[in-house]
Asker: 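Quick one: the structure is below, questions incoming.
Below, chains carry the letters A, B, ... as their sequence lines are ordered, and counting in each starts from 1. In this text, all values refer to a predicted model and were calculated from it rather than measured experimentally.
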Amino acid sequence: MRRGLMAWDASELPIETIHARQGKLRAIMKAHKLDAFIAYTNISHPAAVSWISGFTPYWSEGVYCVMPEGTPAFATALSKRVAEWIGTVMPVGEVIPTPAPGTAIGKRLATAGAKRIGIIDLDDLPARQARAILAEVGGLELVDATDAFNAIRCEVDGSERALAAKAAAIAAAAMKAADWNAKSLQALIAPCEVHARRAAAEDIFLSVAPDLNASGRFQRTDTATTLGSSFALRMSLAYKGTWVRMVQSHASNPAEAARFATAQKAFDLLMLSRDPEPAVREALAAAGADLKSWSLEQPRGSSPLVCVAGTGITTGAYNAGAPATFNAECEINGARWLASRPFA
Amino acid sequence: MPSITHKARLDALSDAMKAQNVEVFLVIGNNWHADYLRYATDFGIQEGQGIAIIRADGSATLMLDDPTECERARAEISGCDVQYAPQLVKEARAQLMRSGNRNVAASPMHLLPYGLVNAGNDVRFADGAPVIERLLMTKMEVELDCIRRASKLCDEGYIVFRDAARPGRKDYELVAEMEGFFRAHGIAENFMIIGVGGKEVRGMAPPGGKVLKAGDLVTTELSPCVDGYYAQVCRTLVVGQASETQLKAFSVYQEALEAGIKTVKAGVTAADVARAENDVFRKYGLGQYTTSEYTRVRGHGMGLFLDQKPQILEDVDIELVDGMTMIVHPNTYHPDAGYMVLGDAMVVRPGGHELLCGLPRDLFSVSAH
């Protein structure tokens, strides 16, 4: 559940940017002969509505509907009072507080005479919402419009790039604020969390690979017990609806720590140059790190970050011009080393 | 390592499936509604979505659409076949088809994906509420222990919140202090919302960047989570000395909370508790502020979800039973003072309740300088 700063700032996300995005959406509606475009949102799948409208829910769910003309409608199960709050953080859209968002949107579609509706991530749309929409409009056709949406979503504007850069900067500073010499996991992560939220992070998830000698698997911080001689901290962080990930490995042995630092420096430089693969493999090798597996994550559909390329992934969906997070697992002198960095 | 509550929960779920003649139980979860998935698999999902299939023979499959969450599940839980499923709904559909034509129930129904019910197959989903909702509401002793620990952290956490509230601070900086406190105490999750200001404030929300100033009311609810179980506390403070108007207004909330708590015992309904709270407001001519125009609920259950059934409302006739955990909170807008909150958590017992909150029910004040 979101609990950090949630606010709309016109200097970061100008209303013109939202209108431009919705204009692209309307263009593909025309191209695909769609009478409306619908995106569902909740805490775990907020990315599409966030991109279209600037709004992310802190709780509950909603359905955002764009038609060829007029103000888009956002029907949400949040209360009338919370709808007033939504109005302050969602720059474009009419808020409809209702216990039945699908029904409210269905009525709008019926009034407009809509027959063919594009839906992002149709399979994932809760059946209750889909059925409520269908119940209001006879003969309605629901079409999965995820690919069409992703095609315009890959055109990155300046606002998105700036928000991604800000999120990455907060994450980097928060990672630096962690108490890396702490005796306990709790003491390690608490300053990291405080720093991120003071810097206006909307949300942050921390997990830890507590003993890299044993495993590279991350665990929630309340399930891990003691820290080994080398461990890694993973952070997923959101700022104004934009998510990044970061992983930092740490070793208490000075020689191993020096090797980790050399690899990290090479990795960070590569991320700045936005030149992830195969350049990463070569540069890490030069820094003594053997890249064992890697992945790239970007927003897709309603998911904030999805693996779009990497070891064992052959879909080729990576958008080279867009912000991404690069995740790497390496071996350095026989030791496991994990790293992730976002680049805007 | 499985949590200490998992074995007890699995046994209870198995019995409930048998009682309802359910052969396959499908549960869905995400970071908003993690409770059903956690009850059935012990996995506390943080990112992405998950679907678990629990079978009558005790076998279970957990599918997750995030690869790191999948690896985390493999490290954290046992007794489940954990699978990475980037096409989550398609994979769940395939698994169900392989299970054959059985009695399948699903929960929570409001998250059941369209792709599962619109697959052109013969799988029919019964509402799984009769299997699991009573289990989620009524806690076993091992579950109550977690909620007691979370409640203790509510008390300690509110003192941290109160001491951190001072003029010039932004609302999200207060949240940062709280999250730092909870992480330092091994708590991975907390839910909180906040209200800052005067009569213009009509509720709580995530922080929006407001700066605390003298005279402001600062409302919050803290909801730390221990081993998956949430507890909650609601309190209001004033930056500076509380005015006579604020104190007089707050006395209505104190009286309403006491009336609500006094009503709580096994055998009464959620409506009885809500009515007791609201009658106090009505007595002072404030009845309109107990409606949905100004307030959502007058309390609610808490457990693996922080806002679970029963919702404390005058039209909810769910009977309270021994072992239910809930918060009573007559939070609403007051026309003279603004939005105020006050709420204590408790366990329902046969003759009354076990109070979990140890904080004074005061309108707190902090220095305005």
Asker: Is it the backbone or the side chain of Ser184(A) that comes under 4.5 Å from a heavy atom of chain B, or both, or neither?
Answerer: neither
Asker: What are the two closest non-hydrogen atoms of Glu76(B) and Thr223(A), and how far apart are they?
Answerer: OE2-OG1, 3.0 Å
Asker: Checking heavy atoms, do the side chain of Leu78(A), its backbone, both or neither come under 4.5 Å from chain B?
Answerer: neither
Asker: Under a 4.5 Å heavy-atom cut-off, does chain B meet the side chain of Asn42(A), its backbone, both or neither?
Answerer: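 The side chain, not the backbone.
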Asker: For each of Ala130(A), Ser60(A), Ser44(A), tally heavy-atom pairs with chain B at distances under 4.5 Å, and name the one with the top tally.
Answerer: Ser60(A)
Asker: With a 4.5 angstrom heavy-atom cut-off, which part of Glu47(B) approaches chain A: side chain, backbone, both or neither?
Answerer: side chain
Asker: Does any heavy atom of chain B fall under 4.5 Å from the side chain of Leu142(A), the backbone, both, or neither of them?
Answerer: side chain
Asker: Has the side chain of Arg202(B) got a donor or acceptor atom that lies under 3.5 Å from a matching backbone atom of Arg81(A)?
Answerer: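 Not a single qualifying donor-acceptor pair exists.
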Asker: Does a donor on one side chain sit under 3.5 Å from an acceptor on the other, for Thr68(B) and Arg234(A)?
Answerer: yes
Asker: Is it the backbone or the side chain of Asp66(B) that comes under 4.5 Å from a heavy atom of chain A, or both, or neither?
Answerer: side chain
Asker: Could you check Gln49(B) against Asp124(A) for side-chain contact (heavy atoms from CB on, under 4.5 Å), going step by step and ending with a plain yes or no?
Answerer: CA-CA 10 Å; Gln49(B) 290 197 112; Asp124(A) 288 332; 4.1 Å; yes
Asker: Where is the tightest heavy-atom contact between Glu193(A) and Gly180(B), given as atom of each residue plus distance?
Answerer: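 Distance-wise, the nearest heavy atoms are CG-N, 4.5 Å.
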Asker: Given heavy-atom pairs under 4.5 angstrom as the criterion, report whether the side chain, backbone, both or neither of Met109(B) touches chain A.
Answerer: both
Asker: Heavy-atom distance under 4.5 Å to chain A: side chain of Phe43(B), backbone, both or neither?
Answerer: neither
Asker: Look at Ser236(A), Ser79(A), Ala187(A), Ala7(A) and state which one has the largest set of heavy-atom pairs under 4.5 Å with chain B.
Answerer: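 The residue among Ser236(A), Ser79(A), Ala187(A), Ala7(A) with the greatest pair count is Ser236(A).
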Asker: When heavy-atom pairs shorter than 4.5 Å are enumerated against chain B, which of Gln129(A), Arg128(A), His195(A), Lys80(A) gives the highest number?
Answerer: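 The candidate making the most pairs under 4.5 Å is Arg128(A).
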Asker: Please flag which part of Ile194(B) lies under 4.5 Å from any non-hydrogen atom of chain A: side chain, backbone, both or neither.
Answerer: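 Answer is neither: Ile194(B) stays 4.5 Å or more from chain A.
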Asker: Just say parallel, tilted or perpendicular for the rings of Trp32(B) and Trp59(A), cut-offs at 30° and 60°.
Answerer: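 Answer is perpendicular, since the angle exceeds 60°.
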Asker: Out of Glu173(B), Gln46(B), Met192(B), return the one with the most heavy atom pairs under 4.5 angstrom to chain A.
Answerer: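 The answer is Gln46(B).
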Asker: Does any non-hydrogen side-chain atom of Tyr114(B) lie less than 4.5 Å from one of Ile119(A)?
Answerer: no
Asker: State, yes or no, whether a side-chain contact exists between Arg3(A) and Met178(B) at a heavy-atom distance under 4.5 Å.
Answerer: no
Asker: What option among Gly209(B), Ala176(B), Gly208(B), Ala34(B) has the most heavy-atom pairs under 4.5 Å with chain A?
Answerer: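 Maximum pair count with chain A is reached by Ala176(B).
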Asker: Could you check Ile204(A) against Arg183(B) for side-chain contact (heavy atoms from CB on, under 4.5 Å), going step by step and ending with a plain yes or no?
Answerer: CA-CA 12 Å; Ile204(A) 172 171; Arg183(B) 287 314 88 72; 5.9 Å; no
Asker: Taking C-beta and beyond as the side chain, do Pro67(B) and Cys307(A) meet within less than 4.5 Å on heavy atoms?
Answerer: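 Yes, close enough: below the 4.5 Å cut-off.
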Asker: Can you name the closest pair of heavy atoms from Gln186(A) and Ala184(B) and give their distance?
Answerer: CB-O, 3.4 Å
Asker: Examine whether an atom of Arg300(A) lies under 4.5 Å from a heavy atom of chain B, and if so say whether it belongs to the side chain, the backbone or both; otherwise answer neither.
Answerer: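 Answer is neither: Arg300(A) stays 4.5 Å or more from chain B.
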Asker: Kindly give the heavy-atom pair with the smallest separation between Gly4(A) and Pro206(B), and that separation in Å.
Answerer: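 It is O-CB, 4.0 Å.
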Asker: Is a salt bridge present between Glu177(B) and Arg198(A), judged by a nitrogen-to-oxygen distance below 4.0 Å?
Answerer: yes
Asker: What part of Ala200(A) is in contact with chain B, defined as an atom under 4.5 angstrom from a non-hydrogen atom: side chain, backbone, both or neither?
Answerer: both
Asker: Looking at Arg131(A), Glu297(A), Glu202(A), Glu61(A), which one has more heavy-atom pairs under 4.5 Å with chain B than the rest?
Answerer: Glu61(A)
Asker: If I measure from the heavy atoms of chain A, does Glu69(B) come under 4.5 Å with its side chain, its backbone, both, or neither?
Answerer: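 Interface part for Glu69(B): neither.
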